[in-house]
Structure formats: C-alpha cells, structure tokens
Amino acid sequence: MAAMAISSSSATVHIGCRKSVFVSNASSSVRSEFAGLRRLDSLFDKGTRHCLFAQVQRNVQAAGNGCRGVVTMAGTGKFFVGGNWKCNGTKDSIAKLVTELNNTKLEDDVDIVVAPPFVYIDQVKSSLIDRIEISAQNSWVGKGGAFTGEISVEQLKDIGCKWVIHGHSERRHVIGEDNQFIGKKSAYAVTQGLKVIACIGEKLEEREAGKTFDVCYEQLKAFADNVPSWDDVVIAYEPVWAIGTGKVASPQQAQEVHVAIREWLSENVSAEIASQTRIIYGGSVNGGNCLELAKQEDIDGFLVGGASLKVWLPQCNLQGSCSSALTMKYT
C-alpha cells in the first residue's frame, strides 16, 4: 500500500492509496436517508485566479507507483476531468479560454475533455492543444439526413470530436428526451467509434422521496440495454439538484451513489465492467471541493459545468480555510 502525503501551509495528511479492487456488497447497504445539502460558499477565495484544470490538478494531482488515478480510484484507467461549456461563450471569450488551457501544465495521467457549443467546435479544435480532447454536447440517434437542427455522429467525427455527452439532465428535463431515446443515441455513437459520457441523476424531489437509486438504475438500464460495449463509456452521476445551484452532494452522498452504480453494473452487466468503468461526478464541482470528492474510492473524475468557463477558482486546505495550493505526492 502506497501512502500519499498531502501538504499545505497548515497541515500534512497521509492517505492510503488502495489498488483498484471491486467488492460487491448488498445493495441495501448503500441505501441511506437524505442527509441534507451543503453549501460550500464559505470555502471560496474569490481573490485567487486559476484555470479550472490547473486547479483541479493542483488539488488532486495524479501519481503513479501502482495506484491508478487520484487518491483512491475504483474504476480502471486515468482520472477523468471534463468541462461542459453548455450554451455559453463567444468567439472572443472562447479564444481566451483556449489560450488559458494551452498555457496550463497538464499531467499525463489525467484525461482532459472539453465540450464547446457546436458552432465553436471547429474553432476550439483548430487552436487547442492535442493533449485535450473534444466532446460534443449531443448527437443524433442515427445517420444524418432530413433532421433539421440535429448533428450526426459522422459530422462530429469529421471535425475531430472524440466524445459526446448523452443523457444530461437539461436534455432529459428541458428538451424532453426519454431514457430509451438516450440509450439508442449512445448505442449508435459507440458503434460509430465515438466515446460516450453517459449522464444519470435524480431530481431533488426524487432524492427526498428516497428514489435516488431507482431513478439512477432505470437510467442506467437504458444504456445497458442498448450499448454494444462499455469500453468507450464513462458514466457521469450528476444529481439534478446540484447542477448550477451551488449545492453539492457531500463526498459521502456522492460515494454511496457511485457504489450503488458500480454494484448495479456488477449485477446486471458484469463484474468486469463494474470494475473497469469510470464513474465520474458532476454538480457544482469546482477547485475548492474537488479534493474531498476525489478522495472517495468510487469517484473516478469530474464533469464540470459552469466552473469550467471561469478563470478564478478557490484554493482551500484540508481544514476548509483558504491558503496556498495543495500538493500531493507519494512517499
């Protein structure tokens, strides 16, 4: 077992780093009552300016020595950090953001993906370093044709996209896409060689009614019933009540859902897929709260929304007070 030392201006903490081992427990063991929502506003240091990916890496820097991923990680592969820019930006603002990303030192053992609006994908692709891959925010359910306003997988691949986001709550609850339609879109994308970020998550009323697991399982089933392979699928758990609200699932709340997702995969797909699939978290993630979330063994990365468009992000030490950046290394 390797130990990871986390050093800040006020504390040094050693965290054991476990190998990627999946152990199935009874699903009832991860069910718990709604534990309330936490606001992390008090942790913000708005005077500190950093690119999102630089801050995330500084707070949860990946390291080697036989331990995959950041801190602890159940899924195999590299830690995953995605930025969903949604329907935001202009040519000028995106050019500035790309410049910031190009000037950021990125670790080799972290997968970085950004999802610009459709109309700016070509601009980003032509100016962003190859180290960062491009995702679309949506794609059509089949081959292109007479489908006004849609974008085909073939078109996305033609302009250099490697990924696509499917099942985001805004597509589900604003646009009205249902589980089966989303599952079929992902199946087509995977068969055509496009990797999928498969989003699932419950609304606040569903969590408070104790339906979090039921909702996530139903959404997962639609993917499982349709995708021919999980090799190029990353699952993103994004509780709807935490997206863009400033409310964040506690590390324990997020972890228990990630464990439940991995157990569902083991029971309904295969233990191998459950162990290998990366399950990332999204929902008001930023540079201040990513460290505590990343300590959870079944959180294999992040899908970040609004914070991925901002230059400033907070830096906080393990006691929650703002200080210099944390550094992480093996000892």
Side-chain angles (χ1 to χ4, degrees), residues 27 29-41 43 52 56 60 74-75 80-84 86 115 137 165-179 182-183 186 196-224 233-265 277-308:
S27 59
S29 67
V30 297
R31 293 178 181 268
S32 64
E33 296 298 322
F34 175 65
L37 313 181
R38 302 186 312 159
R39 293 195 65 90
L40 299 182
D41 297 354
L43 301 182
L52 167 71
V56 169
V60 287
F80 187 103
V81 181
N84 179 13
K86 304 190 179 184
Q137 297 178 18
I165 299 172
H166 283 160
H168 194 282
S169 66
E170 290 147 8
R171 301 295 306 181
R172 293 179 185 274
H173 304 302
V174 178
I175 307 301
E177 295 182 355
D178 63 30
N179 290 338
I182 293 166
S186 293
V196 172
I197 301 170
C199 300
I200 64 172
E202 82 284 4
K203 294 185 287 187
L204 180 60
E205 56 267 32
E206 293 168 335
R207 170 168 276 271
E208 292 177 327
K211 297 179 179 179
T212 292
F213 298 101
D214 294 335
V215 170
C216 289
Y217 295 160
E218 185 177 353
Q219 294 170 351
L220 275 173
K221 186 176 186 300
F223 288 111
V233 177
V234 169
I235 297 173
Y237 169 58
E238 295 195 297
V240 180
W241 47 268
I243 298 176
T245 63
K247 299 176 180 178
V248 184
S250 71
Q252 294 74 27
Q253 287 174 325
Q255 168 67 7
E256 71 176 359
V257 179
H258 282 229
V259 169
I261 293 168
R262 209 173 295 282
E263 290 179 348
W264 189 94
L265 289 174
T277 301
R278 288 180 290 184
I279 305 173
I280 65 177
Y281 173 78
S284 296
V285 176
N286 57 56
N289 57 41
C290 62
L291 174 59
E292 293 300 323
L293 288 164
K295 289 180 186 177
Q296 307 304 309
E297 183 173 2
D298 288 272
I299 296 180
D300 303 323
F302 303 114
L303 181 60
V304 187
S308 65

Item to check | Plane angle bin for H258 and Y237 - parallel if under 30°, tilted between 30 and 60°, otherwise perpendicular | outcome: perpendicular

Checklist entry - Taking E177 for the side chain and G167 for the main chain, is one N or O donor matched with an acceptor at less than 3.5 Å? => result no

Next on the checklist: Between K221 and E218, does the salt bridge (Lys or Arg N to Asp or Glu O under 4.0 Å) criterion hold? Intermediate values first, please.
Outcome noted: CA-CA 5 Å; K221 186 176 186 300; E218 185 177 353; over 6 Å; no

Checklist entry - Any donor and acceptor pair, going by atom type alone, linking the side chain of R207 with main-chain N or O of V240 inside 3.5 Å? => result no

Checklist entry - In chain order, what residues pass the side chain to side chain contact (heavy atoms under 4.5 Å, CB included) check against A115, with sequence neighbours excluded? => result N84, S135, Q137, I165

Checklist entry - Which heavy-atom pair separates E292 from K295 by the least distance, and what is that distance? => result OE2-NZ, 2.9 Å

Checklist outcome for this item: Here the gap from Q255 atom CD to D298 atom CG, rounded to the nearest 0.5 Å, amounts to 4.5 Å

Item to check | Derivation of the side-chain contact (heavy atoms from CB on, under 4.5 Å) call for V257 and E202 | outcome: CA-CA 11 Å; V257 179; E202 82 284 4; 5.6 Å; no

Checklist entry - With no hydrogens and no angle check, do the side chains of E205 and W241 hold a donor and an acceptor under 3.5 Å apart? => result no

Checklist outcome for this item: Here the gap from L303 atom CG to C199 atom SG, rounded to the nearest 0.5 Å, amounts to 5.5 Å

Item to check | R278 side, atom CZ; I299 side, atom CD1 - distance, nearest 0.5 Å | outcome: 15.0 Å

Item to check | Check: D300 side chain, V234 main-chain N or O, donor-acceptor pair, under 3.5 Å | outcome: no

Item to check | Atom pair OG/CD of S250 and E256 - distance to nearest 0.5 Å | outcome: 7.5 Å

Checklist entry - Which heavy atom of A249 sits nearest a heavy atom of A254, and at what distance? => result CB-N, 4.2 Å

Next on the checklist: Between R172 and I200, is there a side-chain heavy-atom distance shorter than 4.5 Å?
Outcome noted: yes

Checklist entry - Given E170 and I243, is the side-chain contact (heavy atoms from CB on, under 4.5 Å) satisfied, shown in steps? => result CA-CA 10 Å; E170 290 147 8; I243 298 176; 4.0 Å; yes

Checklist entry - In Å and rounded to the nearest 0.5 Å, what is the CH2 to CD distance from W264 to Q219? => result 11.0 Å

Checklist outcome for this item: Scanning both residues in full, the closest heavy-atom pair of P239 with G282 reads CD-O, 3.4 Å

Checklist entry - Considering the options V215, I235, N179, which one meets the side chain to side chain contact (heavy atoms under 4.5 Å, CB included) requirement together with L220? => result I235

Checklist entry - Which atoms form the tightest heavy-atom contact between G201 and C216, and what is the distance? => result CA-SG, 4.2 Å

Checklist entry - Shortest non-hydrogen contact from C290 to F302? => result O-CZ, 3.3 Å

Item to check | Spacing of I197 atom CD1 and H166 atom NE2 [to the nearest 0.5 Å] | outcome: 10.0 Å

